[in-house]
Structure formats: C-alpha cells, structure tokens
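A quick write-up on the structure given underneath.
Only heavy atoms go into these numbers, but all of them, side chains included; no hydrogens, no water, no symmetry mates. Throughout, protein chains are lettered first and strands after them, A, B, ... in sequence-line order, and every chain is numbered starting at 1.
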Amino acid sequence: MNTDPSQIQLTADGRLKHFLTTEGLSKDLLTEILDTADSFISTQERSVKKVPLLRGKTVANLFFENSTRTRSTFELAAKRLSADILNLDIQRSATSKGETLMDTLWNLEAMYSDMFVVRHADSGAAHFIAEHVTPNVAIINAGDGRHAHPTQAMLDMLTIRRHKGSIEGKVVAIVGDILHSRVARSQIHALNTLGAAEVRVVGPATLLPRDIEALGCKAYYDFNLALRDCDVVIMLRLQKERMQNALLPSESEFFKLYGLTTEKLALANPDAIVMHPGPINRGVEIESAVADGPQSVILNQVSYGIAVRMAVMAMAMSGQQSEQQAEQQAKGETEA
Amino acid sequence: MKYLHIRDARVIAPAQQLDQVCDIYLSEGRIRAIGQKPAGGTIESTLDANGLWLVPGFIDLSAHLNEPGFTQRGTIFSETKAAANAGFTHVCAQPLTKPVADSPAVVQLMLEKSASAGQAQVLPLGALTQGLAGEQIANMVGLTSAGCVALSNARKPVKDAYVLRRLMEYAATYDIRLFLDANDAALSAGGVMHEGPTATRMGLAGIPETAETIALAQIILLAEQTGARVHISQISCARSAAMLRDARQRGLNISADVAMANLCYTDAKVQGFDGRFHVQPPLRSESDRQALLAAVNAGELAICSNHQRHESAAKKAPFAEAAVGIAMYDDFIGLLLQLVDAGELTLTSALNALSKLPADALQMAVGFEEGKVFNAALIDPTSTNEHGVNGKVVATFVDGFRTLKA
C-alpha cells in the first residue's frame, strides 16, 4: 500500500474520517473544523458542558510517548462528547515487552473501540495505524514524530481567527526548533491553505530542516528581520538536548538571538499576538514579560484546545458512520 | 558428441559485441558452436528460442541470502532459486548472517548449501572485520582460501579512518579484493531516508549526500595510498559517480555498483510512509537517479540487486521501524525491462552492467565463446509475470546446467 497521507483521512464524498495531518485538506474542511470548534466553545461556557454526540462510543487514548497535557485535553474532549474513554499508557506496557505495533493494534481492536487517539515517537505512526486497523475505527493523530500534530495546529488556527478575525492575509512567524517540530509542519500547511500572506520560519541553519521552503514558507536567520510586519509570532519550545547534539551552543546565546523580548516584539505589528504550544521555557525562548503580557494569547490556546479536539472527534466519528451506512446500503443493493 | 541445440535465439553478449539471431550448440556444459552445428555428433534435444533473448548470466555483486541465521526470511535454496528466476547465475552473498561469515566454517557451509541447491551459485563475501564490528581485521587470508571472492563489511561501519587504512593495507599485501560501502556513520546516524524536501515534509530524519561522498573521498584517497583493490558497493548519489570518474581519470583502478532500487525509484516513494522503501543506501532524488542511469549507460557502473527478503511483519511498521532492505529478485527482470522500454537504460549497457562489469570486478570470464562454460539466461521479453509486468526468465544455465525449466 502506498496511500497519499492526506487522502486516506477522507471518505469517498470528502468528509473527515481520520485526522492525521493538515496537509492536503481543503480550505472548506479546515474552516469547518474551526466553525465546529467555535460552536463548542459556547457549550464550554455553560454549566452543563456535555453534548451527546459520542454517546455509546469508546475512545482509546494510545499514548506511545508520554504527554500528560495533550492526553488530558483529549480525555476531557471525549468526556464532553459523552464518550467512554480508555487510557492506555502503552509506553510502559506492551512495546517494552517486544510486542510490535501491529500486535498491539490487534489486541486493541479486540476491545471494540470506535476511535484511537494516537501519540507516537515515529513519523507516520498514525498514518500506519489508519492503514492497518480494521475499518470503522477513526484515528486522531495526537502527534507523530516530527511529522504532524494537526490538532495543535488547528487550535492555533482557531486562536488566530478569534484574536485576529481571520487567517487570510496575515504574516506569521514560527520561531525556533523547526527541525524537530511536528507542530511547525502542521501549522505551515494549515496557514497556507487558510490563506496566510506569508509564513516565516526563523532560526539558525542547524534548526531549519533542509529544503523547508518547499513546504511553502520563507526561511529567516535574522529574527529582527522576520518580525517586521508580523501579525502573529509563534514561539516553539526548545528541548535541552539540542545543546548536546551540537545544534546550538547554549540557551543564553539562543535567547539572545531568537528569544522573544518586549523590545523584539516591538518590531512586529503593534497588534501582533504571541503564541506558544507550551510548555514554555521562560528565559529560553520567551521572556516572562512577553509570555504574561497583553499580546500573549498562550492561555487562550489551551482552552481552545478542548473545543478543537471535540470538533475533530465529532467530525471523524460522523464521517466513519456515514461511510458505514454507505457501505451497508451498497451491500443491501447488491443483495437485493 | 551429443548437443543441446538452442535454436533461433537473439543472442546478445556485450562483451563479445554480439547481437544476432542464431543457434547455439552445447555439450558437457560448454559452448561448442555459435551459428553452424559442429561437424560430427548428434543433436540430443532442441530448445526453440524463437523470439527469446539469450544473454550472459547475471552476476549479482550484492545480496543477502539470510542463511545461516535468518532462515525464517529465506534460505540459500529459496534465495538462489529466486536469483536464478531473475536471470542470475552467480550471487555474491553478504556476510551479514548469524553467525557472521567471518570464519571459514560459515563460508564452507554457504558453499555446501549452494552446491546442493543447484541454483544460482553463491560467491561468498567474507566479513571484512571480526563480527563485522569494524574494529579488528578478520582472518582475510583464511576467508579467501575458504572460497570468499571478496571481503565486505555489509554496510556496518568501520570504526575510523585508521582501521580502514590498516584493513586496506593488509588486504593489499595479499591482493585481496575489498567491497567497501561509502557511508559516514556519524553523518548518517539516525537517518532513515534521503535528506531533502520529502524527508522534511514527512518529518523523517535524513541522510545527507555528504554521508556518502565524504566516506567515498576517504576510501579513494586510501586506495590510492595503499594500492588496495577496491570495489565500491551501492553508490546512491550523482556526486559519487562523478568522484569515481575523476579517480579513474587519475589512474585509480576502482569499480562500483548501484542497487537496482536506486535506478528505479526516488525518495518520492517514501511519501506514503511505505516501509518497503526503507532501504540503504536511501532512495535519493530524481537528479541522482538520472546521473546513476547515465553512469550505467556510460559503462561505469555495475548493477546489483542488493536483494534482502524480510518477513512481512518486519516491514509492517511505521517507516523508521520497518526493517531495512527490499526483496528485488521476484520483479527484477520486469523492472530492468521497464528501464529499457522507457529508454532510461540501453539494453546493451543494462546487460553489460549485470554481466561484464561484475565479472571484471571479480576477474571472472563472461559471455559467449566457443569452448567456454555456458552461463546464460533465456528471457522472454513479451510474456508477463504474475504482477502483470513484462519480461520473464524462461531458462537459466549455471555452468551449463539448466536450473530453471520453461
């Protein structure tokens, strides 16, 4: 099998049935995700927050890589859609005993889940699972290697839309460790599809992957230059191990060149917003005064995360159901 | 004398500049006549080869036969049979077995299994370093005396330039042939595919061209210094082909090969995260592929299969976790003819790269001459195989013995 990663996530009539990557999805579909998420934000402000869209469904959280934060937001999103939730910390159980990913999947299928939320250290893992599990299980990618983190990217899009009105025509800078970032890759695809005027990636050559501009962005080494005319500044988290791998000399030199300070932010448009997928390293990629300042929307991002995850879970489940119905109908017709 | 008569074949032998429809008469495994039946003797049987191509048997400079040690994937019998079905009469077997082929006992076992299989003949490659660990010199003389045609480290890293220099010096002392792969372990560490736009898009760690070219420069310089007899296994970059050309122009006698997969595919194949295409060296860019094809057409590069069969479960994993290597024999002839049909390789240079050039690297005789042992494949270029691909080997002769019957 050699399926196009962007097409495997759609039903025959173009509806979402898995959510693996923002790449290749239409503007209409991405907008539908944002609109649906918007509608859930209003339900989240009510005292009774549950909606019954996934009642009777079982969602399995398959985290092959630790992430308490992402897992919690998915768990909350599933609960607010009235689903039953199964949390599996696979990192410590199956795969450490030499079980292959396929073995693990076959075991999980036997539990009759309707949706897998997958976090895995290998790029393409969610795509692999979508290709190989039984049909009718929706796969939501919660981060695969360096490849994609589409729900994070969509909550960022929602943040931009709610704070800047629209993504169209905006200049967006993504700053820091682009090389290892699945978030950056998913953001670049989503921003381009939703009509951003320019996407800039900013960092030293060691942290910008080769041929990154082929994804539809402009590479900048000079942060000051990249901030000019910016409407949105997205700071990425810097992992400590980058220093050991000879990618960077020190945190302090990185902060001097690419850390976001009040002075630097003044180079962007005056109404620019500052984002960060979290967790933030204060004083490494961002100064506290900026992270907690009036232009920061970092905490809003977290609250939108639940709504966006509710939206893609509801949409993918509905896509799966419509596909099952279509299959049954087709089967009924051939039998008749 | 009793003859096997092959009638009306299109006989193509680049080494003899032969390409004509004619008859061949064989007896006792040797070619007795090309064209007219020799005077005296009788024809015992006739093989009608009308519309078929009779070509020199292919010599594979690299394959993994999985025995001993990994017989759940394949055995010397199954893999040499698959090789014969693809037109190969001789197969250089990489030493990455279990135990590693670093002792005469393992080599002996491979040769015995090969002889009893009666398929394509195994030419063992001995381990270049003990345990393929890249540190201590293997018993080179013992291995070649046991029947190894050359020594290889099977794409396992040699510790450093010091060890490589000593390996080459020692081999040069006894005029032992070395099959070296150009791969800088530090530059390729962690990489699973060609470093370029596709790797960046897929979020897969890349292997830069410099991992190959820097290691190749090191080998070329040490070969010039030590005088070791070196063949470079599986180059993948345009730049490497150019570097080898330069080295030869300076007078260095150095041969090289390219894996079939790198002539057929590019890194674009990885786009669906398809684990089948997790190979080493990695599939590179279209411009690399074009340069490699050009080098084959120029007669500078041999073609090897670099065949490696895995259990299907080992390939069924996220890309980086999928086992490295691809089974090539089953579709080999179809892929080759596709390259020829598409005008990417000329038939003559394709055959040359599979027979004459590998034979030269191993100092073997090849081609069709009266009195010579008959190693050949009879190809039907029009019939389709089970995958609907054109091209099928209908008979293979190894040392005059027919392994495959139509």
- All salt bridge (Lys or Arg N to Asp or Glu O under 4.0 Å) counterparts of B:D330, not counting sequence neighbours: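 So B:D330 forms a salt bridge (Lys or Arg N to Asp or Glu O under 4.0 Å) with B:R309.
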- Query: Taking atom NZ of B:K392 as the centre, does the number of heavy atoms from other residues, nucleotides or ligands within less than 6.0 Å exceed 12?
  - Reply: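 Count not over threshold, so no.
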- B:R239, CZ atom: more than 12 neighbouring heavy atoms under 6.0 Å: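 No, the 6.0 Å shell around CZ holds no more than 12 heavy atoms from other groups.
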- Part of B:A313 within contact of chain A (heavy atom distance under 4.5 Å):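 Contact with chain A involves no heavy atom of B:A313 at all.
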- Query: Atom OG1 in B:T200, atom CZ in A:R185: separation rounded to 0.5 Å?
  - Reply: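 Here the rounded value is 6.0 Å.
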- Query: Between B:F273 and A:S123, does a side chain to side chain contact (heavy atoms under 4.5 Å, CB included) hold up when you go through it step by step?
  - Reply: CA-CA 8 Å; B:F273 290 109; A:S123 298; 4.1 Å; yes
- Taking all non-hydrogen atoms of both residues, which atom of A:H147 and which atom of B:M202 are closest, and how far apart?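 Scanning both residues, the minimum pair turns out to be CB-O, 3.2 Å.
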- Any residue of residues 320-328 of chain B which, by heavy atoms, sits under 4.5 Å from chain A: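 Counting heavy atoms that sit under 4.5 Å from chain A, the residues of residues 320-328 of chain B involved are B:A320, B:E321.
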- Non-neighbouring partners of A:R15 that pass side chain to side chain donor-acceptor pair (under 3.5 Å), sequence neighbours left out: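 So A:R15 forms a side chain to side chain donor-acceptor pair (under 3.5 Å) with A:S318, A:S322.
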- Message: Only heavy atoms, only distances under 4.5 angstrom. Which residues in residues 186-216 of chain A are near chain B?
- Response: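 Listed by number: A:H189, A:P209, A:R210, A:D211, A:I212, A:A214, A:L215.
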